[in-house]
Amino acid sequence: MIEATADQSTKPYNALMNAQRSFIQKGGLRTLKQRKEVILKLKKLLKDNEDRIIEALQKDMGKPETEAYSAELLFIYNDINHQLKHLKDWMRKTNVSTSLINQPGKSYLKPEPYGSVLIIAPWNYPLQLLIAPAIGALAGGNSVVLKPSEITSHLEELIHRLINNNFQREVIHVVCGDKNATQSLIDAKPDYIFFTGSTKVGSLIMQQAAKYLIPVTLELGGKSPCIVHKDANLAVAARRIAWGKCMNAGQTCIAPDYILVHEDIAKDFIEAFNNVIHQNYQGDVLNNSDMAQIVNTHHFKRLTAMISGDVVSGGNSSETSRKIEPTLIMNPDKDHPAMQEEIFGPILPIITYRQIDEAIEKVNSGDKPLALYVFTSSSSTKDKVIEETSSGGVCVNDTIMHITSNDLPFGGVGSSGIGSYHGKQSFDTFSHMKPVMEKSTWIDPSIRYPPYKLSWRRFEKLFLWLAG
Ligand code: NAD
């Protein structure tokens with residue numbers, strides 16, 4: 001791991017953020033042209049270094065090349081293209097009506113940047129979750145301080161070098177380090193904090209930000225349930241659930257965390273799931289380069305310690321390759337370790353239910369999840385689940401894919417997060433929508449000024465009529 005500065009106190013970070021703030025105040029990213037230039041330069045830097053990025057992701061966690069390209073780079077390119085296509089429209093002020101009481105005058109909302117934005121990223125998609133929020137922040141005309149995860153150290157080192165060697169520090173700057181670096185960065189009082197990571201650390205970040213009243217977006221985790229109803233297309237459900245759970249070896253914030261399956265089809269679902277795994281990994285998950293590694297030994301041990309009870313599929317692991325077979329655990333009781341915390345690995349508890357209400361009750365008995373999946377061919381079952389549960393987002397008859405939409409904001413609710421981004425929502429998140437009223441001076445009725453001529457009752461009537 002590299003240290004960003006020898007001195008991890010707040011002082012150098014104060015200087016950095018002041019320089020960024022002053023750059024923004026002086027109009028450094030005020031125009032569409034300036035913002036587009038920076039975003040395109042960032043895209044070119046990534047394009048020119050794709051091989052190195054993929055290599056770093058493979059060194060850090062054996063990310064399969066296809067996953068490294070699609071879930072990290074391609075995801076970012078798609079976001080950049082969308083932002084650039086619409087930025088001109090989003091940057092426009094939005095006119096709103098002006099009531100009679102303020103005539104002659106006009107009113108509008110003008111998006112303005114916050115200033116210096118701090119982006120704190122986790123290790124599971126260490127590039128995407130660092131750069132995608134940065135694109136939104138730059139589109140909104142902000143400067144950015146990036147704090148990558150120290151756990152994926154190859155990617156951390158590479159992105160530090162690429163960005164800091166190619167951009168003015170007033171525009172984007174990478175700071176490396178552990179939690180002490182992050183805490184010092186927050187103490188330097190950025191104008192906005194965008195955090196992606198665990199619920200526990202998210203709460204600490206928010207407490208520290210509250211000291212300085214810094215606004216936050218928190219993209220957190222949790223246990224995302226997946227309901228498989230008896231009328232689901234089982235072959236497709238098994239394939240899509242296995243894909244969503246095995247991508248990045250289950251180290252995905254919106255991976256299905258546990259399955260709620262109708263008891264009539266539980267056996268068939270397990271069989272279909274096993275067939276998919278066999279087909280996808282040719283019977284050898286532990287030596288297969290299409291399965292990512294668990295990020296480190298600490299997480300490998302945490303996960304393998306969860307494998308107990310009625311294991312109906314998988315269960316084997318290799319500490320040498322840091323790989324774990326997709327493992328189904330049947331009806332674990334509520335004290336089972338896999339039901340205590342977000343799993344974040346290829347282990348999948350399966351809980352059977354008889355009535356859809358039982359599945360809904362189970363979902364509602366836990367914290368509000370980041371994602372909820374339901375596989376069914378019945379629109380009334382689908383509507384009931386959507387209506388009677390609360391989650392950051394829902395995807396019907398698929399897993400993960402809702403995150404790829406430019407038109408669906410992504411974020412949690414309750415303990416799975418505060419705020420959202422992607423598409424226009426990224427621009428809105430990183431913009432203060434400043435309300436502006438411009439008034440003319442050519443009439444100035446004396447009625448509002450002392451000495452007051454109307455009784456408050458008559459004043460009220462007049463005010464409500466004019467303001468309505
Ligand atoms: P983490 O919370 O441990 O770390 C995230 C970042 O916070 C890292 O950069 C780390 O250096 C920093 N950090 C850690 N402890 C800190 C502290 N005490 N004070 C200040 N900073 C601190 O998360 P992680 O292990 O890197 O990532 C896994 C978690 O992230 C999972 O819970 C997952 O669900 C969640 N996640 C959420 C999303 C989302 O979009 N909602 C995406 C990916 C991951």
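Indexing begins at 1, ligand by ligand and atom by atom, following the structure's order. Numbering of residues begins at 1 and proceeds along the displayed sequence.
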Handout entry: Whether His262 and His229 hold their rings parallel, tilted or perpendicular, with breakpoints at 30° and 60°
Key = perpendicular

Handout entry: Spacing of OG1 belonging to Thr389 relative to CD1 belonging to Ile227, to within rounding of 0.5 Å
Key = 6.5 Å

Problem - Evaluation steps, salt bridge (charged side-chain N to carboxylate O under 4.0 Å, His left out), between Glu50 and Lys47 - result: CA-CA 5 Å; Glu50 283 177 346; Lys47 280 245 165 236; 3.7 Å; yes

Exercise for the section: Please work out whether any backbone atom (N, CA, C, O) or any side-chain heavy atom from C-beta onward of Thr252 is under 4.0 Å from ligand 1, and answer side chain, backbone, both or neither. Expected result: neither

Practice task
Salt-bridge test for Lys41 and Glu37: reply yes if a basic N is under 4.0 Å from a carboxylate O, no otherwise.
Solution key: no

Fill in the blank from the handout: On a heavy-atom basis, the closest approach of Phe273 and Pro326 is CE2-CB, 4.2 Å

Fill in the blank from the handout: Leu204 heavy atoms within 4.0 Å reach ligand 1 at atoms 18 (N)

Problem - Polar proximity ligand 1 side, Tyr421 side, N/O cut 3.5 Å exclusive - result: no

Handout entry: Numbered atoms and elements of ligand 1 in range of Asn124, under 4.0 angstrom, heavy atoms
Key = 43 (C), 44 (C)

Exercise for the section: Report yes if some N/O of Leu220 lies less than 3.5 Å from some N/O of ligand 1; otherwise report no. Expected result: yes

Problem - Basic-acidic side-chain contact under 4.0 Å: Lys223, Glu342 - result: no

Practice task
Taking the six-membered ring for Trp and the full ring for Phe, Tyr or His, determine whether the centres of Phe75 and Tyr125 are under 6.0 Å apart.
Solution key: no

Exercise for the section: Would you check whether Gly412 reaches within less than 4.0 Å of ligand 1, judged by its heavy atoms? Expected result: no

Exercise for the section: Could you tell me whether Ser198 and ligand 1 have an N or O pair separated by under 3.5 Å? Expected result: yes

Problem - Numbering as shown, the atoms of ligand 1 that approach Thr182 to under 4.0 Å (heavy-atom distance) - result: 20 (C), 21 (N)

Problem - Aromatic ring pairing Phe410/Tyr421, orientation class (parallel under 30°, perpendicular over 60°, tilted between) - result: tilted

Handout entry: Pairwise side-chain contact, Glu156 with Cys176, heavy-atom cut-off 4.5 Å (strictly under)
Key = yes

Exercise for the section: Could you tell me whether Asp357 and Lys384 make a salt bridge, using a distance below 4.0 angstrom between a side-chain N and a carboxylate O? Expected result: yes

Exercise for the section: For ligand 1, find out whether one of its N or O atoms is nearer than 3.5 Å to an N or O atom of Lys147. Expected result: yes

Handout entry: Sub-4.0 Å protein heavy atom near atom 40 (O) of ligand 1
Key = yes

Handout entry: Nitrogen or oxygen atoms of Asp178 and ligand 1 under 3.5 Å apart
Key = no

Handout entry: Heavy atom of the protein closest to atom 36 (N) of ligand 1 (residue, atom name, distance)
Key = Cys253 CB, 3.5 Å

Exercise for the section: Indicate yes or no: does an N/O atom of Gly222 lie under 3.5 Å from an N/O atom of ligand 1? Expected result: no

Practice task
Look only at interatomic distance and state if Glu342 has a nitrogen or oxygen under 3.5 Å from any nitrogen or oxygen of ligand 1.
Solution key: yes

Handout entry: Interfacing atoms of ligand 1 (cut-off 4.0 Å, heavy-atom, Ile205)
Key = 20 (C), 21 (N)

Practice task
Check ligand 1 against Leu370 and write out every atom of the ligand that is under 4.0 Å from a heavy-atom position of the residue.
Solution key: 41 (N)

Exercise for the section: Please work out whether the ring planes of Tyr373 and His402 are parallel, tilted or perpendicular, with thresholds of 30° and 60°. Expected result: perpendicular

Practice task
May I ask you to identify the nearest protein heavy atom to atom 17 (C) of ligand 1, giving residue, atom name and distance to one decimal place in Å?
Solution key: Lys179 CB, 3.4 Å

Handout entry: Under 3.5 Å: N/O of Trp123 near N/O of ligand 1
Key = yes

Handout entry: Chi angles and distances behind the salt bridge (charged side-chain N to carboxylate O under 4.0 Å, His left out) call for Lys179, Glu150
Key = CA-CA 9 Å; Lys179 63 179 185 183; Glu150 70 281 20; over 6 Å; no

Fill in the blank from the handout: Nearest non-hydrogen protein atom to atom 7 (O) of ligand 1, with distance, is Phe195 CE1, 3.4 Å

Exercise for the section: Do me a favour and list the nearest non-hydrogen protein atom to atom 13 (N) of ligand 1 with residue, atom name and distance? Expected result: Val201 CG1, 3.8 Å

Practice task
Enumerate the atoms of ligand 1 whose separation from the nearest heavy atom of Pro122 is less than 4.0 angstrom.
Solution key: 24 (P), 26 (O), 27 (O), 43 (C), 44 (C)

Practice task
Could you tell me whether Lys362 sits above the aromatic face of Tyr353, with NZ or CZ closer than 6.0 angstrom to the six-membered ring centre and within 45 degrees of the axis?
Solution key: no

Handout entry: Geometric class of the His86/His82 ring pair [parallel <30°, tilted 30-60°, perpendicular >60°]
Key = tilted

Handout entry: Per-atom contacts of ligand 1 with Glu150, taking only distances under 4.0 Å to non-hydrogen atoms
Key = 10 (C), 11 (O)

Handout entry: Phe195 six-ring face occupied by Lys147 cation (under 6.0 Å, within 45°)
Key = no

Practice task
State if Tyr125 counts as touching ligand 1 under the rule of any non-hydrogen atom under 4.0 Å.
Solution key: no

Practice task
Run down the list Ala121, Ser416, Gly197, Gly202 and name the one with the heavy atom closest to atom 6 (C) of ligand 1.
Solution key: Ala121

Handout entry: Region of Gln183 engaging ligand 1 - heavy atom pairs below 4.0 Å
Key = side chain

Exercise for the section: Within a distance under 4.0 Å of any heavy atom of Gly221, pick out the atoms of ligand 1 and give their elements. Expected result: 34 (O)

